[in-house]
Amino acid sequence: MKPTIDRIRAALLALLRSIVFPTVESMRRWAFAAIVVNVGITVTGAAVRVTGSGLGCPTWPRCTPGSFVPARIDTHAPLNMAIEFGNRLLSFLVLAVAAACVVAAWRLGRGEHGRPGPVQPGQGRPVLLRLALLQPAGVVVQALWGGLVVHSMLNPVTVSVHFLFSIGMTAAAVVLFARASEGDAPAQWLVHKDIRTLGYVLVAAAFTLLLAGVVVTGTGPHSGDEAASRFGFDIQSVVRLHTDVAYVVVGLTFALLFALHVTDSPGRARRAALVLLGVELSQGVVGYVQYFLAVPAALVLLHVLGATLVWICALRVVFLMRTRGPAPVPAAEQPELHHAGV
């Protein structure tokens, strides 16, 4: 029993040390954690919708009238209440990771290992703090908007914006991860300017694909609750539009991959574009299968996960086509966080 407790204590100390005495690597890990939790809560939000649990907690900020936790009421099934309440609880995990990113970025930006005093050349990273602050700000906005979603009885407009906020927070986490991995020198593009423009167009097309996807979601089944309204569009028409945009994204990705290859661009950019193409093709397979199987709930979750991965991979390609030099590394070794100081 004691070895297990010691291992847990050591893991917690290492976790705390990565926040209080951050390094470039630990900052990258916290930024990556922010990406993971934002993707996770996006997918679980879809789970709330496909299980019909969107109004499992019919009030906000309380779950049920007079209670912040689920209390038995005749109008809502306990399972639906548990699913919706569980998704709300995940917001605290996202907030915890966001807070860790902010503290780590702040300590890293103060100088050597977060210790006060003059910032050494190349070691202050105020840009990281500004990017990290977007995470807790996003959680607050999402929480308040979630109240609007509930009070609007899952109006498809409010639900769609709720998803897009998550996409925005994921993008901010991707940018934080990229900037934590590089220096602060002026950006130097490693590809031709036309290829750079193609990368920007690809990201814009990927975002358009997400917009088309939320219109399909707001028009089709899985509204989150029987009382929820739907967009009045023809489902076949919006699905066809979504498919056409997906073809455009795949075509742009193939064009970018081809351009990177024939111009002998950096291998990391070519590999990132190849990964993006693979994710897009996999997403296309899932999309077609769920369409022909009448949109089963499990495939909806997989499709939402794929959508977030397409978005992340598209952003990643653009960042890997340029460099800002290596990330500054503190000269001194990281101090130990002794037991007495905890």
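When all heavy atoms of R88 and P61 are compared, the closest pair comes out as NH1-O, 3.5 Å. Looking at every heavy atom in both residues, L252 comes nearest to L202 through CB-CD1, 3.9 Å. For L257 against A273, the heavy-atom pair with the smallest separation is CD1-CB, 3.8 Å. Closest heavy-atom contact between Q283 and L302: OE1-O, 4.1 Å. Heavy atoms only, all atoms of each residue included: I195 and A259 are closest at CD1-O, 3.8 Å. In terms of heavy-atom proximity, L320 sits nearest to A272 at CD1-CB, 3.6 Å.
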T243/Y288 under side-chain contact (heavy atoms from CB on, under 4.5 Å): CA gap, chis, key distance, verdict:
CA-CA 9 Å; T243 303; Y288 273 109; 3.6 Å; yes

If you apply the rule side-chain contact (heavy atoms from CB on, under 4.5 Å), what do you find for N38 with Q135, and how did you get there?
CA-CA 9 Å; N38 278 294; Q135 292 302 308; 3.0 Å; yes

For T170 and T308: C-alpha separation, side-chain torsions, deciding distance, then whether side-chain contact (heavy atoms from CB on, under 4.5 Å) applies.
CA-CA 8 Å; T170 301; T308 60; 5.6 Å; no

Step by step, would you call I41 with T44 a side-chain contact (heavy atoms from CB on, under 4.5 Å)?
CA-CA 5 Å; I41 200 166; T44 58; 3.9 Å; yes

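Residues V250 and V285 are members of separate hydrophobic clusters, defined by side-chain heavy-atom contacts under 4.5 angstrom among Ile, Leu, Val, Met, Phe, Trp and Tyr. Each of F85 and V159 belongs to its own hydrophobic cluster when Ile, Leu, Val, Met, Phe, Trp and Tyr are linked at side-chain heavy-atom distances under 4.5 angstrom. In this structure, F165 is a member of the same hydrophobic cluster as V150, with clusters built from ILVMFWY side-chain heavy atoms closer than 4.5 Å. With hydrophobic clusters built from ILVMFWY side chains whose heavy atoms lie under 4.5 angstrom apart, V203 shares a cluster with V249. Transitive grouping of hydrophobic side chains (ILVMFWY, heavy atoms separated by less than 4.5 Å) keeps V317 and F258 in distinct clusters.
Atom CD of residue E280 and atom CG of residue L209 lie 8.5 Å apart, to the nearest 0.5 angstrom. The distance from the OG atom of S53 to the CG atom of L79 is 6.0 Å, given to the nearest 0.5 Å. Remark: E84 CD to T64 OG1 distance equals 12.0 Å, nearest 0.5 Å. Between the OG atom in S67 and the CE atom in M81 there is a gap of 8.0 Å [rounded to 0.5 Å]. T51 contributes atom OG1, which lies 10.0 Å from atom CZ of R49 (distance to the nearest 0.5 angstrom). Once rounded to the nearest 0.5 Å, the distance linking CZ of F254 with CG of L274 reads 11.0 Å.
For the pair T59 and F68, the minimum side-chain heavy-atom distance is 4.5 Å or more. Within the 4.5 Å cutoff, no side-chain heavy atoms of V215 are placed close to those of L211. R196 has its side chain out of reach of R322: every pair of non-hydrogen atoms, C-beta onward, lies at least 4.5 Å apart. With contacts defined as side-chain heavy-atom distances shorter than 4.5 Å, the pair V175/L134 does not qualify. Side chains of W106 and L128 form no contact here, defined as non-hydrogen atoms less than 4.5 Å apart. In this structure, S18 and R29 have side chains that are not in contact, with every pair of non-hydrogen atoms separated by 4.5 Å or more. Side-chain contact between L198 and D194 is absent, with no heavy atoms from C-beta onward closer than 4.5 Å. Proximity of L256 to M321: side-chain heavy atoms (C-beta onward) are separated by under 4.5 Å at one or more points.
Ring-plane geometry between F233 and F231 is classed as tilted, the angle between the planes lying from 30 to 60 degrees on a 0 to 90 degree scale.
A donor-acceptor contact shorter than 3.5 Å is absent between the side chain of H222 and the backbone of V300. Using modelled atom types, one side-chain atom of W311 and one backbone atom of I167 make a donor-acceptor pair closer than 3.5 Å. Here the side chain of R316 pairs no donor or acceptor atom with the backbone of V174 at under 3.5 angstrom. Using modelled atom types, no side-chain atom of R324 and backbone atom of P186 make a donor-acceptor pair closer than 3.5 Å. For the pair Q290 (side chain) and P296 (backbone), a donor-acceptor distance under 3.5 Å is absent. Remark: the backbone N or O of T158 is paired with a side-chain donor or acceptor of W145 at under 3.5 angstrom. At distances below 3.5 Å, not a single donor-acceptor pair connects side-chain atoms of S26 with backbone N or O atoms of P22. A donor-acceptor contact shorter than 3.5 Å is absent between the side chain of R270 and the backbone of H261. A donor-acceptor pair under 3.5 Å is formed between the side chain of R230 and the backbone N or O of G220.
Q142 and S166 share a donor-acceptor pair across their side chains, judged by distance under 3.5 Å alone.
Scored by the side chain to side chain donor-acceptor pair (under 3.5 Å) test, S265 finds T263 as partners (sequence neighbours excluded).
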